Amino acid sequence: MKKKFYTRRDFLKESSAAVAAGTLYLNMPRKLLAQELKKEKVVLIRAKDLLDDSKKVRADNIAAMLDKAVMTLYGTSEPLTAWQQIIKPQDIVGIKSNVWGYLPTPPELEKAIKHRVMEVGVAEKNISIKDRGLLSDKVFLNATALINTRPMRTHHWSGVGTLLKNYIMFVKNPSAYHGDTCADLATIWKLPLVKDKTRLNILVMITPLFHSVGPHDFNSQYTWVYNGLIVGQDPVAVDATGVRILIAKRKEYFKEDRPLNPPPKHIFLADTRHHLGTADPTKIELIKLGWQENILI
Amino acid sequence: MIASNINLEEFLPESVDVWQSEGEGRYYDRQTLYEYINGGAELYLSYGFFCSINKIYQQSGQPDIIVDIFDMGSSENAFGVFSHSRETNDKQFGQGSQYTSGLLLYWKDRFYISILASPETAESKRAVFQLASQIEKAIPHKGSIPEIVDQLPPEGLIQESIKYFKHHIWLNSYYFISDENILHITEKTEAVMAKYQKNDNKTILLLVRYPDQEKAVLAYDYFLRNFVPEMKEGLTYQIEDGSWVACKLDGSLIKVVFNASEEQNALELLGTIKQKNK
């Protein structure tokens, strides 16, 4: 009978699925296998000068980062031609953002996304940027395309706040998805309001939170200036890449292996149980652009 | 100590330094805590959360001071939730506290208190400490630390690493063991985990006490089958990364040592676990 769970020793024994999970649960190096499979493209872009002296996001810089990431992802030399592959003028576009007070999606990024979507030809009335209240928003209720963006952070119950988790606002009763540390969040992505509509995932890694303390999760002590965006079509691959950076940061900060607690089970199961995408680094083509110092991956 | 209907508002002053409270506090119970801290509520629920109050103090030009008092139902649970995320062992407030960059966390009796003012200023830090002191004085009694914590051998123990819990999710706090409940930990079991320094190696000791020996035997058997099936005889086994695991069933108590660099160290730690104080 197939085993339904993993232990530390399964990871250490390096079966392929265990290694994929191990890179999320432990500080394990990616397994070096020659794979002929088509790999999921994920772009990590960083800019040293993204923030100004008051730690505010420079609007022009984040727009340029987004453009470069999207052009790389779609293999174009102009941002518009890349965005034309993502969005069509007749689309109704929901931009799923995140308003968590301590670490929201930067408004400068939201504006940059909206600008490109409008440039493609989508009418402004057919674009909505929202986190809460999606279920009463006409654009989201009728959306033909979704763009998903949020900052990555540790979380007391799901291990990490991810792009996968960002869609929890599409359900009426989010706590119904808390079972087994939010293991099955990927099922939300199969609901009719969401299924097959997500065109782009943008994980914000500007000042990620790598450790949670207290009821509000947040403490500035456990954030750092990384100045990155991770962009891709596969939310599982993008989240898995972000988690590897958080795990590396935790090891650097705590000077010892410190697993995410709880483990980010929902990312791994989004791959192995729900087949939404890949969490396996051997199946991800990670393209690193821009500032390389202390990249941690 | 069993929870009762204490008016948590009575612990909170109207003002602190030049900060004024915005009005009455907001109460949350096990059903409504999600409305306040969303999925973060599960952490507190896993530690027996009973109810809480939240109040905000404001002063122009300064960060808000956000205070939360959690009635965890018992001092063991209050200690447990405090132990969950502490990194230091500061005793400035209550029965244990931690302050980092605008966030003060401490526990006293069956209460877990969080006071946050972010970004920190010199003035807000002073006010946070003043408020913490006022709340501490308003809580009349001290609580007891879980008995199982006293069973940890003192030699080499890293005090601030002690974590007490009653939910299997927290089993992986220092060392990923499994994504399943392979030790059958429930709200009726008590678990404590701590790190021990031995030269350059940090060994992890886990103790789990079950309601009766029968449950402990079942859990022990399940753990052996799924984590160290090779351990047919003896107490130790060297796993794939070269570290040693040692474990023993002692009545209703399971003792496990993880990540020992040498077999002898694992056995020594296992052998020095104190007997229950009865």
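Just so it is clear, the structure is predicted and the values come from calculations on it, not from any experiment. We name chains A, B, ... by the order of the sequence lines, and we start the count at 1 in each one.
Under the 3.5 Å distance criterion, the side-chain polar atoms of B/S178 are matched with a main-chain donor or acceptor of A/Y6. One N or O on the side chain of A/N219 and one on the backbone of B/T100 form a donor-acceptor pair closer than 3.5 Å.
A/T181 OG1 to B/N172 CG: the interatomic distance, rounded to the nearest 0.5 Å, is 9.5 Å. Atom-to-atom distance recorded for B/Y175:OH and A/E256:CD is 13.0 Å, nearest 0.5 angstrom.
Heavy-atom minimum distance, B/V228 versus A/R9: CA-NH1, 3.6 Å.
Of all the listed residues (A/G161, A/S175, A/S158, A/P259), the one sharing the greatest number of non-hydrogen pairs under 4.5 Å with chain B is A/P259. The candidate with the highest count of non-hydrogen atom pairs below 4.5 Å against chain A, out of B/Y112, B/F82, B/Y237, is B/Y237. Counting heavy-atom pairs under 4.5 Å between each of B/F227, B/Y36, B/F70, B/F258 and chain A puts B/F227 at the top. Ranked by non-hydrogen atom pairs under 4.5 Å with chain B, the options A/Y222, A/F254, A/F218 are led by A/F254.
Only the side chain of B/Y44 comes within contact range of chain A, with heavy atoms under 4.5 Å apart. Within the 4.5 angstrom heavy-atom criterion, atoms from both the backbone and the side chain of B/S173 approach chain A. The parts of A/P262 that come within reach of chain B are both its backbone and its side chain, each placing non-hydrogen atoms under 4.5 angstrom from that chain. Within the 4.5 angstrom heavy-atom criterion, no atom of B/V245 approaches chain A. Contacts between A/D257 and chain B at a heavy-atom distance below 4.5 Å involve the backbone alone (N, CA, C, O). The part of B/I177 that comes within reach of chain A is its backbone (N, CA, C, O), which places non-hydrogen atoms under 4.5 angstrom from that chain. Looking at B/L33, neither its backbone nor its side chain comes within 4.5 Å of chain A, counting heavy atoms on both sides. Neither the backbone nor the side chain of B/L171 comes within contact range of chain A; no heavy atoms are under 4.5 Å apart. For B/L116, the part sitting under 4.5 Å from any heavy atom of chain A is the side chain, from C-beta outward, and nothing else. For chain A, the nearby part of B/D68 is the side chain; its heavy atoms alone come within less than 4.5 Å.
Looking only at side-chain heavy atoms (C-beta outward), B/E240 and A/F11 stay at 4.5 Å or farther from each other. Taking 4.5 Å as the limit, every side-chain heavy atom of B/L103 sits out of range of all side-chain heavy atoms of A/S220. Between A/W100 and B/N38, the closest side-chain pair of non-hydrogen atoms is not below 4.5 Å.
Within 6.0 Å of NZ on A/K55 lie no more than 12 heavy atoms contributed by other residues, nucleotides or ligands.
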> Does the pair B/H84 and A/N261 meet the rule for a side-chain contact (heavy atoms from CB on, under 4.5 Å), with working shown?
Replying inline: CA-CA 10 Å; B/H84 174 80; A/N261 186 33; 4.0 Å; yes
> Which is it for A/Q221 and B/E87 under the side-chain contact (heavy atoms from CB on, under 4.5 Å) test, yes or no, and what are the steps along the way?
Replying inline: CA-CA 12 Å; A/Q221 175 99 6; B/E87 295 291 333; over 6 Å; no
>> side-chain contact (heavy atoms from CB on, under 4.5 Å), that's the test. Do B/E42 and A/H156 meet it? Break it down for me.
In response: CA-CA 8 Å; B/E42 298 285 2; A/H156 277 315; over 6 Å; no
> side-chain contact (heavy atoms from CB on, under 4.5 Å) between A/H178 and B/Y34: does it pass, once the steps are laid out?
Replying inline: CA-CA 11 Å; A/H178 287 174; B/Y34 295 115; 3.4 Å; yes
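Each of B/D179, B/D241, B/N259 was compared with A/R8 under the side-chain contact (heavy atoms from CB on, under 4.5 Å) criterion, and only B/D241 meets it. Of the candidates B/S114, B/S85, B/S101, A/V213 forms a side-chain contact (heavy atoms from CB on, under 4.5 Å) with just one, namely B/S85.
Under the salt bridge (charged side-chain N to carboxylate O under 4.0 Å, His left out) criterion, B/D64 pairs with no residue at all, not counting sequence neighbours. Looking at residues two or more places apart in sequence or on another chain, you find a ring-ring contact (aromatic ring centres under 6.0 Å, His included) between B/Y222 and B/H184.
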